[in-house]
Each structure stands twice: as C-alpha cells, then as structure tokens.
Colleague: 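This structure is in structure tokens; I'll ask about it shortly.
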Amino acid sequence: MGITGLLTVLKEAQEPVHISSFKGQTLGIDGYVWLHKGAFGCSQEIALGQDTRRYVNYILKKIEMLRHFQIVPFVVFDGGSLTSKEETEMEREAKKNIQEGLRLFNMGLKKEAQTYFQRGINITPKFAKDVIEELKKKNIQYVVAPYEADAQLAYLEREGTIQGIITEDSDLIVYGCKKIIFKLDDAGNGMLFDRERLGQVRSFSLRGWTDETFRKMCILSGCDYLSSVHGVGLKRSHKYLQRSRDIKQIAENQWIAFHPQIDSENDEIRRVICSG
DNA sequence: CCCTAGTCGTCAT
DNA sequence: CGACTAGGG
C-alpha cells in the first residue's frame with residue numbers, strides 16, 4: 001500500500017534505538033527491503049545478466065551484524081507476486097529503464113547507464129532463492145510468505161514467534177505490528193516504532209482508537225490498491241473517522257458533502273471500505 | 001494548513 | 001519503499 005506521510009505523522013510514536021536492546025530476542029526481517037538495497041549495489045551486473053553474489057553478501061553482512069548483537073534473525077520473503085495493475089506497469093517501467101541503460105552502456109556511458117540500471121531493478125524469486133541457499137547453510141530461520149511478507153510478519157509477531165520487525169515499509173504499522181525498527185544502519189542504530197506510544201502522537205488524537213479504526217483511516221487516506229479519493233489524506237481521513245466511526249455513513253454522506261466532485265466514479269473505494 | 005505529484009536516494013568506491 | 005518539496009486548494 002504505502003501510506004503517504006504515515007511515518008512523518010507518527011513521529012512521536014518513534015524513538016532512536018540500538019539493536020542491542022533486543023538482545024536474545026528474535027526479529028523478523030522484511031526480506032524485500034534488503035534484497036532491493038543489496039541489488040542496488042550491483043545493478044549493472046544484474047542488467048548485463050552476469051553472475052553476482054553481491055546482493056547475497058549484502059544480506060549476510062546484515063545478518064552477521066544482528067548476530068554480533070545476539071539477535072536471532074528470522075527472514076521473511078515475499079511469495080506470490082501481486083497481479084495488480086500497478087505491478088505490471090511497474091515491471092514495464094523497469095524494463096524500459098534497463099533498455100535505456102543498456103543503450104547508454106553500449107555507447108560507453110557507463111556512469112549514466114548505472115542510474116537506469118538502478119531504476120530498473122526488479123526483484124525476482126531467483127534473488128530470494130540465492131539468499132535462502134546461504135541461510136540454510138548458516139541455519140538461519142526464514143520463510144517464504146504465501147502472499148505478502150507484511151501479513152506474514154504481522155502474524156509471526158502476533159503469535160510471539162518474533163518480538164519485533166526490521167523493515168522500511170510503513171505498511172507494517174497498518175497491519176497492526178507492535179514493535180518495528182526503521183532505518184537500521186550498519187552500526188545497529190535505527191528508529192523504533194512502538195504501538196504503545198500511538199497515544200503520544202500530536203498530529204491528531206488516536207486515544208481510544210482501535211487498530212481497526214486506525215487501519216480504516218490509512219485505507220481511506222489512499223493506498224495503491226485503489227484509486228484514492230482526491231483531496232483526502234491522513235488528516236482529513238482522521239477527521240471523518242473521528243466524527244463517525246461508521247464508514248458507510250462517511251462514504252454516503254460526508255465524502256460527497258465535503259467533496260462534491262466525488263460520485264459514482266469512486267464506487268470501487270466505497271465497496272472496499274464498507275466491506276473492510 | 002492540507003494534499004498531490006514529481007524528484008531523488010537506497011550501494012559503493 | 002521513504003524523504004523532501006514546489007505548487008495548488
């Protein structure tokens with residue numbers, strides 16, 4: 001989904017942490033994030049179809065850092081690729097970038113080509129497969145999620161298998177995760193989001209809000225699954241839900257009252273919100 | 001103040 | 001993916 005501005009608006013629910021505060025605990029890792037960053041550093045080799053282990057080594061280095069601080073890593077990879085419209089367009093865009101990169105590369109413009117190679121990175125199951133091979137050798141826990149890693153990580157935390165999550169994706173907050181480490185660097189420093197601190201958020205009051213209402217606020221503010229309602233972000237979404245927790249009421253009355261331009265073209269959104 | 005859409009960085013030397 | 005920001009409402 002990717003909720004625009006969510007992390008910014010929830011800054012009071014976050015604080016700097018060092019990974020060592022999770023010593024002895026198991027942390028779930030959003031595999032896609034590290035795969036993508038690792039691939040970023042060897043985009044040329046990937047685009048040229050050359051064999052490279054650099055993205056594997058990148059992740060192994062991160063894992064070693066965690067183990068140095070006695071963290072037990074549990075890597076979660078994405079399973080079935082989404083077959084949404086946006087996904088195929090993203091892939092098409094990626095291919096175009098690779099082609100442009102190859103064109104520049106063949107002209108000898110190596111540096112200029114790299115920018116396009118980096119934009120054209122597309123994480124395929126092969127990447128995860130190569131990493132998994134090494135994780136097996138090192139006896140590091142991992143799982144390939146049936147669908148999205150997000151839901152799997154949320155489940156693992158709820159069931160107590162992991163005590164926190166390492167990612168860069170704010171969607172984990174929407175999925176109800178309690179402890180999430182963002183912006184983890186090589187030294188083990190990061191920002192910890194703690195769900196218990198949601199009441200300290202200053203942008204708007206979330207006191208007395210259930211995870212369910214919070215989720216609806218995020219969906220209402222716009223996500224990739226739906227064509228979002230023009231002019232409604234997190235703040236206005238919060239305002240509407242504060243006034244009435246009945247989404248159907250908001251959809252049928254307030255949206256149209258506040259935004260007359262919204263009508264039948266957003267029936268799709270209405271259906272999803274009301275069923276959610 | 002709020003929202004949108006576009007740009008840039010992610011690695012690494 | 002997020003951070004940042006110019007520009008419109």
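By convention in this document, chain letters (A, B, ...) are assigned in the order of the sequence lines, proteins followed by strands, and residues within each chain are numbered from 1.
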Colleague: For A:Tyr240 and B:dC3, what is the distance between atoms OH and C1' respectively, to the nearest whole Å?
Modeller: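 Spelled out: OH on A:Tyr240 to C1' on B:dC3 is 11 Å.
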Colleague: Are there any protein N/O atoms within less than 3.5 Å of an N/O atom in nucleotides 4-9 of chain C, and if so, which ones and at what distance?
Modeller:
none

Colleague: Could you list the donor-acceptor pairs under 3.5 angstrom formed between side-chain atoms of residues 37-53 of chain A and any protein atom two or more places apart in sequence or on another chain?
Modeller:
from, atom 1, to, atom 2, distance (Å)
A:Glu45, OE2, A:Arg54, NH1, 3.1
A:Thr52, OG1, A:Arg54, N, 3.2
A:Arg53, NH2, A:Glu134, OE2, 3.1

Colleague: Under 4.0 Å between any heavy atoms, over every strand shown, what does A:Tyr32 touch: base, sugar-phosphate, or nothing? Just pick one.
Modeller: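 If one applies the 4.0 Å heavy-atom cut-off, A:Tyr32 turns out to touch nothing in the nucleic acid.
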Colleague: Is the closest side-chain heavy-atom distance between A:Asp78 and A:Leu35 below 4.5 Å?
Modeller: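 No - every pair of side-chain heavy atoms lies 4.5 Å or more apart.
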Colleague: Please determine, for the side chain of A:Asp169, which listed nucleotide (B:dC2, C:dC1, B:dC11) has the closest atom?
Modeller: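 Selected nucleotide (nearest to the side chain): C:dC1.
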Colleague: Are any of the side-chain heavy atoms of A:Val232 and A:Tyr240 separated by less than 4.5 Å?
Modeller: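 In contact.
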Colleague: Nearest-nucleotide wise, let me know which of A:His36 and A:Gly233 is further upstream toward the 5' end of DNA chain B.
Modeller: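 The answer here is A:Gly233.
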Colleague: Where along residues 5-18 of chain A does a heavy atom come under 4.0 Å from DNA chain C, residue by residue in number order?
Modeller: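 Within this stretch, A:Leu7, A:Thr8 sit under 4.0 Å of the strand.
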Colleague: Hey, does A:Glu15 have a side-chain heavy atom less than 4.5 Å from the side chain of A:Asp194?
Modeller: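 Side chain of A:Asp194 against side chain of A:Glu15, heavy atoms only: no contact under 4.5 Å found.
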Colleague: Determine whether A:Ile162 and A:Val76 make a side-chain contact, defined as any pair of heavy atoms from C-beta on separated by less than 4.5 Å.
Modeller: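 A side-chain contact is absent here, since even the closest heavy-atom pair is not under 4.5 Å.
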Colleague: Base, sugar-phosphate or nothing for A:Ser170? Non-hydrogen atoms, less than 4.0 Å.
Modeller: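 Answer is sugar-phosphate: A:Ser170 comes under 4.0 Å of backbone atoms only.
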Colleague: Under a 4.5 Å cut-off applied to non-hydrogen side-chain atoms, are A:Val143 and A:Gln152 in contact?
Modeller: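 SC-SC contact between A:Val143 and A:Gln152 confirmed.
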Colleague: Rounded to whole Å, how long is the line connecting atom NZ of A:Lys110 with atom C1' of B:dC11?
Modeller: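 Checked: the NZ to C1' distance equals 15 Å.
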Colleague: Are any of the side-chain heavy atoms of A:Glu168 and A:Lys183 separated by less than 4.5 Å?
Modeller: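 Touching, per the 4.5 Å side-chain cut-off.
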Colleague: As a test of reading the structure: which of B:dA12, B:dT10, C:dA3 is closest to the side chain of A:Lys183, going by heavy atoms?
Modeller: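 The answer is C:dA3, which lies nearest to the side chain.
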Colleague: Is a salt bridge present between A:Asp130 and A:Lys126, judged by a nitrogen-to-oxygen distance below 4.0 Å?
Modeller: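 So A:Asp130 pairs with A:Lys126 through a salt bridge.
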